[in-house]
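Note sheet for the following structure.
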Amino acid sequence: MDALIYFIIASFIATTGISFVVRNALKNIAVKPDESASFQSKMFIGVAVVEALPILFIILGYNGIESSTMNSTLPAILILIVAAINAFLIRRQSKELLINHSTKEEAKPLISALEKISYALVTAIPIVGIVACLIK
């Protein structure tokens, strides 16, 4: 398998998993904002668990990048698409919760802050993949 495929797989697993964990935390915070610290702790643990496998794929990708024969344009585009879709899903979830009348007022600033943090989490592995595509 070409090395750049490993970066695509790593980006897909990381962004999809992190998006799922973050959206779940956002839902929980909207319902119980007084337990937001607990939900955020669980979210960051979930993110760490999700990122374990993509990190292994990144290592495999960098080990074989010198022998890669694939054009790097398509992998970079696929990585960008996957990251954008998952960032959009987080944005949509956050927006729905902020508009929802059943969301408690004290939860709204927490949701906004967590949404912004999640963008950095979702784009971390894809940035590594894009850099790998650029240095190939």
Side-chain angles (χ1 to χ4, degrees):
M1 185 175 346
D2 197 278
L4 295 179
I5 300 296
Y6 289 122
F7 294 106
I8 296 170
I9 294 169
S11 295
F12 179 78
I13 292 170
T15 58
T16 304
I18 291 169
S19 174
F20 176 78
V21 170
V22 167
R23 288 184 286 134
N24 191 30
L26 288 171
K27 285 181 203 173
N28 291 334
I29 289 172
V31 176
K32 298 178 185 177
D34 51 321
E35 296 180 29
S36 66
S38 171
F39 294 135
Q40 286 179 351
S41 296
K42 289 177 185 175
M43 182 198 77
F44 284 114
I45 291 169
V47 167
V49 169
V50 166
E51 284 191 343
L53 188 59
I55 289 172
L56 292 175
F57 278 111
I58 287 172
I59 292 168
L60 289 173
Y62 275 116
N63 280 338
I65 201 161
E66 289 181 8
S67 62
S68 176
T69 58
M70 181 182 257
N71 183 354
S72 62
T73 306
L74 181 61
I77 291 171
L78 289 174
I79 290 169
L80 283 172
I81 289 171
V82 167
I85 287 171
N86 283 292
F88 170 77
L89 290 174
I90 291 170
R91 176 63 185 142
R92 187 180 71 179
Q93 176 76 40
S94 176
K95 192 173 181 180
E96 287 174 2
L97 292 171
L98 291 173
I99 294 172
N100 193 343
H101 296 295
S102 65
T103 302
K104 297 181 179 180
E105 283 301 316
E106 60 267 17
K108 292 184 178 182
L110 298 170
I111 291 170
S112 294
L114 193 58
E115 175 193 358
K116 290 169 181 63
I117 292 169
S118 70
Y119 293 141
L121 295 171
V122 164
T123 57
I125 299 289
I127 288 172
V128 172
I130 291 171
V131 168
C133 290
L134 294 175
I135 65 170
K136 180 210 163 268

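Numbering of residues begins at 1 and proceeds along the displayed sequence. Basis for what follows: all heavy atoms, side chains included, without hydrogens, waters or symmetry-related copies. Just so you know, these numbers come straight off a predicted model, no measurement behind them.
Thr103 places a side-chain N or O within 3.5 Å of a backbone atom of Leu97 that can act as its donor or acceptor partner. Of the possible donor and acceptor atoms, none in the side chain of Ser94 sits under 3.5 Å from a partner among the backbone N and O of Ile90. One N or O on the side chain of Asp2 and one on the backbone of Met70 form a donor-acceptor pair closer than 3.5 Å.
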Practice prompt. Go through the steps to decide whether Asn24 and Lys42 satisfy the test side chain to side chain contact (heavy atoms under 4.5 Å, CB included), and finish with yes or no.
Written response: CA-CA 10 Å; Asn24 191 30; Lys42 289 177 185 175; over 6 Å; no
Worksheet item: What do the steps show when you test Leu78 against Leu74 for side chain to side chain contact (heavy atoms under 4.5 Å, CB included), and what is the final call?
Response: CA-CA 6 Å; Leu78 289 174; Leu74 181 61; 4.1 Å; yes
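The shortest distance between side-chain heavy atoms of Met43 and Asn28 does not fall below 4.5 Å. Put simply, the side chain of Val122 does not reach to within 4.5 Å of the side chain of Val22, judged on heavy atoms. With a 4.5 Å cut-off on side-chain heavy atoms, Leu60 and Leu56 do not count as touching. The closest side-chain heavy-atom distance from Ile58 to Tyr6 is not below 4.5 Å. Residues Leu4 and Ser72 meet the side-chain proximity criterion, which asks for heavy atoms closer than 4.5 Å. Here the side chains of Phe44 and Ile117 are in contact, with some heavy-atom distance below 4.5 Å. Two residues are said to be in side-chain contact when any heavy atoms from C-beta on lie closer than 4.5 Å; Glu106 and Leu110 fail this criterion.
Under the 4.5 Å side-chain heavy-atom criterion for grouping Ile, Leu, Val, Met, Phe, Trp and Tyr, Ile8 is connected to Ile127 within one hydrophobic cluster. Hydrophobic clustering, with ILVMFWY side chains joined whenever heavy atoms are under 4.5 angstrom apart, keeps Leu121 apart from Ile79. Tracing side-chain contacts under 4.5 Å through hydrophobic residues (I, L, V, M, F, W, Y), one reaches Met1 starting from Leu53; they form part of the same cluster. Following chains of ILVMFWY side-chain contacts shorter than 4.5 Å, one can reach Ile85 starting from Ile77, so the two form part of one hydrophobic cluster. A single hydrophobic cluster is not seen to contain both Val50 and Ile9; linkage of ILVMFWY side chains at heavy-atom distances under 4.5 Å, directly or through other members, places them apart.
Nearest heavy atoms, Leu114 versus Ala25: CD2-CB, 4.2 Å. Smallest separation of non-hydrogen atoms from Tyr62 and Ala132: OH-CB, 3.7 Å. Here the closest heavy-atom approach between residue Thr15 and residue Pro126 is recorded as CG2-CG, 3.4 Å. Nearest heavy atom pair, residue Asn86 against residue Ser19, reads OD1-CB, 3.3 Å. Contact between Cys133 and Ala76 at its shortest, heavy atoms only, is SG-N, 3.8 Å. Nearest heavy atom pair, residue Leu89 against residue Arg23, reads O-CD, 3.6 Å.
Considering CZ of Phe57 and CD1 of Ile5, their distance stands at 11.5 Å, rounded to 0.5 Å. With rounding to the nearest 0.5 angstrom, the CD1 atom of Ile135 is 4.5 Å from the CD1 atom of Ile65. To the nearest 0.5 Å, atom CD of residue Glu35 and atom OG of residue Ser41 are 12.0 Å apart. The distance from atom NZ of Lys95 to atom CG of Asn100, rounded to the nearest 0.5 Å, is 14.0 Å. Interatomic distance, Ser36 OG to Ile111 CD1, rounded to the nearest 0.5 Å: 10.0 Å. Atoms NZ and CD, from Lys27 and Gln93 in turn, are 5.0 Å apart once rounded to the nearest 0.5 Å.
The neighbour count for Lys108 NZ, taken as heavy atoms of other residues, nucleotides or ligands under 6.0 Å away, is above 12. Heavy-atom neighbours of Tyr119 OH from other residues, nucleotides or ligands within 6.0 Å: above the threshold of 12. Remark: Phe12 CZ is loosely packed, at most 12 non-hydrogen atoms of other residues, nucleotides or ligands lying under 6.0 Å away.
The salt bridge (charged side-chain N to carboxylate O under 4.0 Å, His left out) check on Glu66 picks up nothing, with sequence neighbours excluded.
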